[in-house]
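One structure is given below, encoded as structure tokens.
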Amino acid sequence: GWTSFSSPLQFVVSGEALSAQEKSLIRLAEIKVKPKTPEIVSPVGTTNTTTPALEVNQDPDVYGYGFYIRDLENDSLVYDNNFATSNVISIPDKVLRDGGVYQWNARSRNCHYWSEFTPAQIFTVNVNE
């Protein structure tokens with residue numbers, strides 16, 4: 001069986017003992033409002049690679065992003081990443097195809113909330129361009 005809990009202990013961490021990353025995470029944990037919707041940077045229009053980088057503007061008040069790509073020809077979600085820690089991600093090989101037409105959007109998150117989705121952006125893959 002289980003024993004009873006021990007008496008509670010208290011401790012204080014000195015600000016000098018925290019790394020810059022730890023201080024940033026504490027600051028982010030204290031933000032209790034929905035993050036702003038990110039803005040799409042690229043790709044827009046046409047890309048000449050099947051492994052483009054998706055980019056939204058960086059926001060210092062978030063710690064992660066979600067990126068989503070839909071193939072418009074067969075109306076299916078072909079890429080879904082809710083765990084991106086950067087505002088720029090590279091699409092893995094064999095997700096997109098030359099000549100494909102895709103729609104993508106993104107959202108950001110802090111410790112408590114997801115932002116709204118960006119407006120959808122459409123792009124075409126044309127490797128020979």
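If you read the sequence from its start, that first residue is 1, and numbering goes on from there. What's counted below: heavy atoms across the whole structure, side chains too, no hydrogens, waters or symmetry copies.
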(Q) On the six-membered ring of Y65, is R109 placed so that its NZ or CZ lies under 6.0 angstrom from the centre and within 45° of the ring axis? (A) no
Nearest-0.5 Å distance that lies between atom [atom1] in [X] and atom [atom2] in [Y]:
X	Y	atom1	atom2	value
R70	D80	CZ	CG	10.0 Å
R107	K34	CZ	NZ	10.0 Å
H112	K32	NE2	NZ	3.5 Å

Is it possible for you to say whether [X] and [Y] belong to one hydrophobic cluster, with membership spreading through side-chain heavy-atom contacts below 4.5 Å?
X	Y	value
I91	V41	no
W114	L77	yes
I122	V78	no
Y113	L28	no
F123	Y68	no

Q) Is K36 paired with E116 through a side-chain N to carboxylate O contact shorter than 4.0 Å? A)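 Not counted as a salt bridge, because no side-chain N and carboxylate O are separated by less than 4.0 Å.
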Q. Just wondering, more than 12 heavy atoms not from F117 lying within 6.0 Å of its CZ?
A. yes
Q. Is E22 atom CD crowded by more than 12 heavy atoms from other residues, nucleotides or ligands, each under 6.0 Å away?
A.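 Counting neighbours around CD of E22, more than 12 heavy atoms of other residues, nucleotides or ligands fall under 6.0 Å, so yes.
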Q.
R97: which residues meet the side-chain hydrogen bond (donor to acceptor under 3.5 Å, both in side chains) condition with it, sequence neighbours left out?
A. D71, E73
Q. If you measure only the distance, is there a donor-acceptor pair under 3.5 Å linking the side chains of N126 and T124?
A. no
pair [X]-[Y]: side-chain heavy atoms closer than 4.5 Å:
X	Y	value
Y102	V125	yes
P35	D61	no
N128	D98	yes

Q: Examine distances only and state if a side-chain atom of N110 and a backbone atom of Y63 form a donor-acceptor pair shorter than 3.5 Å.
A: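 No, the answer is negative, given that no donor and acceptor are paired below the 3.5 Å cut-off.
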(Q) Using only atom types and a distance under 3.5 Å, with no angle test, would you say the side chain of S115 pairs donor to acceptor with the backbone of S108? (A)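 Checking the backbone N and O of S108 against the side chain of S115, a donor-acceptor pair under 3.5 Å is found.
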Heavy atoms only: give me the nearest [X]-[Y] pair and the separation to one decimal.
X	Y	answer
P43	L54	CD-CD2, 3.3 Å
N74	S76	OD1-OG, 2.6 Å
S86	F67	O-CE1, 3.8 Å
N87	N57	ND2-C, 3.9 Å

Q. side-chain contact (heavy atoms from CB on, under 4.5 Å) with L96: which of V127, T51, I69?
A. I69
**Q.** Matching residue for P38 among T118, V62, D59, N105 - test: side-chain contact (heavy atoms from CB on, under 4.5 Å)
**A.** T118
Q) Step by step, would you call N48 with T46 a side-chain contact (heavy atoms from CB on, under 4.5 Å)? A) CA-CA 7 Å; N48 61 358; T46 302; over 6 Å; no
